[in-house]
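Structure record follows, encoded as structure tokens.
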Amino acid sequence: MESVNDLIQEAKLRTLWWALCIFVVSYFLTHTSKSMWMNVPMSILFVVGLRILFNRVEFRWKVPQPRLQTYLSHLEKKQLSLNDPRLTSLPPPAKWKRKIDSPAVEAAMSDFIDKILKDFVVDLWYSEITPDKEFPEQIRAIIMDVLAEISGRVKEINLVDLLTRDLVDLIGVHIELFRRNQATIGVDVMKTLSSEERDDRLKFHLLNSKELHPALISPESECKVLQRLMSAVLATVLRQREAQCPVIRSISRELLTCLVMQPIMNLASPGKNLEESDLEVKIGDVTPYVSKFKYLGLILQNDGEINDVMVVKMVKGARDYL
């Protein structure tokens with residue numbers, strides 16, 4: 001019943017609109033013809049024609065054609081403004097000072113970083129390229145941010161829990177692991193072995209039980225483990241902009257791994273250092289004078305020449321080539 005009433009109301013509304021439109025058109029046609037019998041049919045035909053036209057034909061505004069841009073106008077849009085942050089050389093505001101919050105520590109760290117940059121960057125190779133100081137300042141800012149982040153994290157450590165719980169648990173786990181493998185090998189057998197043989201036997205048993213740390217399998221494994229650890233450290237302490245740059249992330253990882261952590265690990269392994277050293281120096285003895293010595297892969301001579309280095313490299317290159 002409601003649908004019928006809706007149809008009746010819709011028919012009344014349409015009839016009213018048609019009548020109104022026909023009346024308006026007829027009123028305008030009275031200016032040309034006084035005959036009402038002529039104006040009404042013409043109005044009906046005119047309204048019906050408009051209705052059909054609007055239903056069949058789509059009317060819309062014409063889209064203006066885009067202006068052809070020249071190559072110079074295209075370059076003007078790509079041109080950087082003078083205030084673009086990519087062109088500025090001003091360093092970002094330092095945020096590491098509030099993380100350290102200690103003038104004495106800040107001064108010591110700043111002096112230490114300046115000496116490192118001066119000896120290993122500016123005086124060593126950078127000053128021969130350019131006298132500009134922007135690159136050393138950028139490195140200094142990155143290192144200070146890293147040290148400030150480490151300082152902030154160290155302040156959050158609970159030293160009481162670290163010394164009385166975490167370190168004690170860690171040492172206890174290693175002692176228990178040693179005792180278990182010592183019992184497997186035999187206490188009497190361990191007493192008859194030398195230190196090198198004891199280390200090899202323990203390494204063999206730990207490797208078979210899959211309890212050997214990956215860094216102790218081989219020097220290559222040690223390097224890979226240190227690289228993983230340094231990657232995690234850099235991802236934590238670096239700023240987001242530097243951490244997302246693959247070049248900075250990779251070179252920082254290798255510098256920390258090869259020039260910092262591996263020498264520290266070598267110092268922590270006295271047996272390894274004694275095997276690699278060619279000169280034995282005892283406490284109380286006078287340090288002998290030598291004409292040349294090996295340092296960081298280079299043969300340093302007292303006369304400042306590098307003849308031995310070149311000879312070694314040429315012989316090695318010829319051997320690899322042949």
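Remember, predicted model here, so these are calculated numbers, not experimental data.
- Under the 4.5 Å side-chain contact rule for hydrophobic residues, M190 and L177 do not share a cluster.
- Once rounded to the nearest 0.5 Å, the distance linking CD of Q227 with CG of L229 reads 10.5 Å.
- Looking at I143 and I116, their side chains never come closer than 4.5 Å, going by heavy atoms from C-beta outward.
- Annotation for R201: atom CZ does not count as buried by contact number, only 12 or fewer foreign heavy atoms lying within 6.0 Å.
- No chain of hydrophobic side-chain contacts below 4.5 Å, direct or via other Ile, Leu, Val, Met, Phe, Trp or Tyr residues, connects L207 to L202.
- Among residues at least two apart or in separate chains, ring-ring contact (aromatic ring centres under 6.0 Å, His included) pairs with a member in residues 125-153 are Y126-F135.
- In the hydrophobic clustering of ILVMFWY residues, with side-chain heavy atoms under 4.5 Å counting as a link, I248 and V260 come out apart.
- Taking the side chain as every heavy atom from C-beta outward, V168 and T164 never approach each other to under 4.5 Å.
- Atom CG in L163 sits 6.0 Å away from atom CG in L159 (nearest 0.5 Å).
- Side chains of E197 and T192 form no contact here, defined as non-hydrogen atoms less than 4.5 Å apart.
- Listed here is the closest heavy atom pair of R253 and S231: CD-OG, 3.0 Å.
- Note on L216 and F204: separate hydrophobic clusters, where clusters join Ile, Leu, Val, Met, Phe, Trp and Tyr whose side-chain heavy atoms are under 4.5 Å apart, directly or indirectly.
- With hydrogens and angles disregarded, a donor-acceptor distance shorter than 3.5 Å links the side chain of T15 to the backbone of A11.
- Atoms CD1 and CD1, on I142 and I113 in that order, are 12.0 Å from each other to the nearest 0.5 Å.
- A heavy-atom distance below 4.5 Å is not found between the side chains of D119 and L124.
- The minimum heavy-atom distance linking C258 with P263 is given by the pair O-CD, 3.4 Å.
- A heavy-atom distance below 4.5 Å is found between the side chains of E211 and N181.
- More than 12 heavy atoms of other shown residues, nucleotides or ligands fall within 6.0 angstrom of atom CZ in R180.
- By the rule that hydrophobic residues join a cluster once side-chain heavy atoms approach within less than 4.5 Å of another member, F120 and M144 end up as members of one cluster.
- Residues S221 and I217 approach most closely at OG-CB, 3.9 Å, considering heavy atoms.
- Between V122 and K133 there is a side-chain heavy-atom pair separated by less than 4.5 Å.
- A salt bridge links R153 to E149: one of the charged nitrogens lies within less than 4.0 Å of a carboxylate oxygen.
- The CD atom of Q182 lies 11.5 Å from the CD1 atom of I175; values are rounded to the nearest 0.5 Å.
- Checking each of D188, V187, V189 against I185 for a side chain to side chain contact (heavy atoms under 4.5 Å, CB included) leaves exactly one that passes, namely V189.
- Taking 4.0 Å as the cut-off between side-chain N and carboxylate O, K115 and D111 count as a salt-bridged pair.
- With rounding to the nearest 0.5 Å, the separation of CG in L167 from CZ in R165 is 10.5 Å.
- Annotation for I251: atom CD1 does not count as buried by contact number, only 12 or fewer foreign heavy atoms lying within 6.0 Å.
- Considering only heavy atoms from C-beta on, Q262 comes within 4.5 Å of C223 through its side chain.
- Separating the CD1 atom in I8 from the CG atom in L13 is a distance of 14.0 Å, to the nearest 0.5 Å.
- The environment of K191 atom NZ is sparse: at most 12 non-hydrogen atoms of other residues, nucleotides or ligands sit within 6.0 angstrom.
- What you find for V225 and A215 is that their closest heavy atoms are CG2-N, 3.8 Å.
- Remark: D199 pairs with no residue by the side chain to side chain contact (heavy atoms under 4.5 Å, CB included) rule, at least two apart or across chains.
- With salt bridges taken as basic N to acidic carboxylate O contacts below 4.0 Å, one links E10 and R14.
- No donor-acceptor pair closer than 3.5 Å links the side chain of S252 to the backbone N or O of R249.
- You'll find the side chain of D200 stays beyond 4.5 Å of the side chain of L193, heavy atoms only.
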